[in-house]
Amino acid sequence: PTLVQATGVVVAALIFLVSPWLPLDLLSLVLLGLLLLGRPDLGPPLIIAFLPFFLHAKFLAGHPISLVELGLWLTIGSLLIRWLWHLLTTDAPSLTRLHLYPLDRPLAIFLLAAIVATVFAQKQGVARHEFRLVFLEGILFYIVVSRGCIRSPWPLVSGWAIGGIAVSA
């Protein structure tokens, strides 16, 4: 089942990538979301595999969206849904405790500085865009990798290698 699920994620992502039709785009996004809901550990390798294509945005209903962003938000959504489901269906007080990792405090300070810089920026549109892409999504990816579902670095390395092979082809 692991290979089938991983293949399903790759196929759904590729359908979204090459599809010229909005209904097929939406159908592949729903399929990708459902697959990541079942296996959120496939999200980070997918995100890393799409990193070489970050500048090649896909237009969805007239709005550009990066596949990296899309994979990140789908992975975060699947993790949040699973976490909320677990909270609602079990008595798990351990999930509500916050465990801090060594990089958490510096990243929180970094995020606070980015928020302040964004609030006081002269060009608000550009500042909000850069805040989202550079700071918020980077920190969210750190959270997904550090607290999500990755137990080994090898799926991430595999995603990086697949992305490198795909961009060189």
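Just so you know, these numbers come straight off a predicted model, no measurement behind them.
Interatomic distance, CG of L103 versus OG of S146, reported as 8.5 Å (0.5 Å rounding). To the nearest 0.5 Å, atom CD of residue E69 and atom CG of residue L136 are 10.0 Å apart. Taking CG of L60 as the start and CG of L26 as the end, the distance is 6.0 Å to the nearest 0.5 Å. Note that CG of D104 is 10.0 Å distant from CD1 of I139, once rounded to the nearest 0.5 Å. How far CG of L67 is from CG of L72: 12.5 Å, rounded to the nearest 0.5 Å. With rounding to the nearest 0.5 angstrom, the CG atom of L31 is 7.0 Å from the CG atom of L27.
One N or O on the side chain of Q124 and one on the backbone of T118 form a donor-acceptor pair closer than 3.5 Å.
The two residues R82 and L37 come nearest to each other via the heavy atoms NH1-O, 2.9 Å. Taking all atoms of both residues into account, the shortest heavy-atom contact from L36 to L42 is CD2-C, 3.9 Å. Of all the heavy atoms in A121 and A127, the pair that sits closest is CB-CB, 3.4 Å. Closest heavy-atom contact between P64 and A57: CB-CB, 3.9 Å. Nearest heavy atoms, K58 versus L17: NZ-O, 3.7 Å. Among all heavy-atom pairs drawn from F54 and S66, the shortest one is CD1-OG, 3.3 Å.
Under the 4.5 Å side-chain heavy-atom criterion for ILVMFWY residues, no single connected hydrophobic cluster contains both V18 and F59. L55 and F141 fall within the same hydrophobic cluster, defined by Ile, Leu, Val, Met, Phe, Trp and Tyr side-chain heavy atoms under 4.5 Å apart, directly or through other members. Hydrophobic clustering, with ILVMFWY side chains joined whenever heavy atoms are under 4.5 angstrom apart, keeps L140 apart from I81. Put simply, L133 and F135 are part of the same group of oily side chains (I, L, V, M, F, W, Y) that touch within less than 4.5 Å, one to the next. Put simply, V134 and I115 are part of the same group of oily side chains (I, L, V, M, F, W, Y) that touch within less than 4.5 Å, one to the next.
L79 meets the side chain to side chain contact (heavy atoms under 4.5 Å, CB included) test with P40, T75, V144, C149; sequence neighbours excluded.
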* **Pair I15-V11, side chain to side chain contact (heavy atoms under 4.5 Å, CB included): steps then yes or no** => CA-CA 6 Å; I15 289 172; V11 167; 3.8 Å; yes
* For the pair L32 and F16, evaluate side chain to side chain contact (heavy atoms under 4.5 Å, CB included) and give the outcome as yes or no after the intermediate values. => CA-CA 9 Å; L32 187 58; F16 177 78; 5.9 Å; no
* Tell me, with the steps shown, if V9 and R39 meet side chain to side chain contact (heavy atoms under 4.5 Å, CB included). => CA-CA 9 Å; V9 166; R39 289 284 309 277; 5.9 Å; no
* Under the side chain to side chain contact (heavy atoms under 4.5 Å, CB included) rule, what do L74 and L46 come out as? Steps first, then yes or no, please. => CA-CA 11 Å; L74 285 173; L46 179 71; over 6 Å; no
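Contact of the L29 side chain with the L70 side chain is registered, since non-hydrogen atoms from C-beta on lie closer than 4.5 Å. Using a 4.5 Å cut-off on side-chain heavy atoms (C-beta onward), W73 and I65 make no contact.
Sequence neighbours left out, the pairs with a member in residues 14-23 that pass side chain to side chain donor-acceptor pair (under 3.5 Å) are S19-D25.
The aromatic rings of F50 and F53 sit perpendicular, their planes meeting at an angle over 60°, well past the 30° parallel limit.
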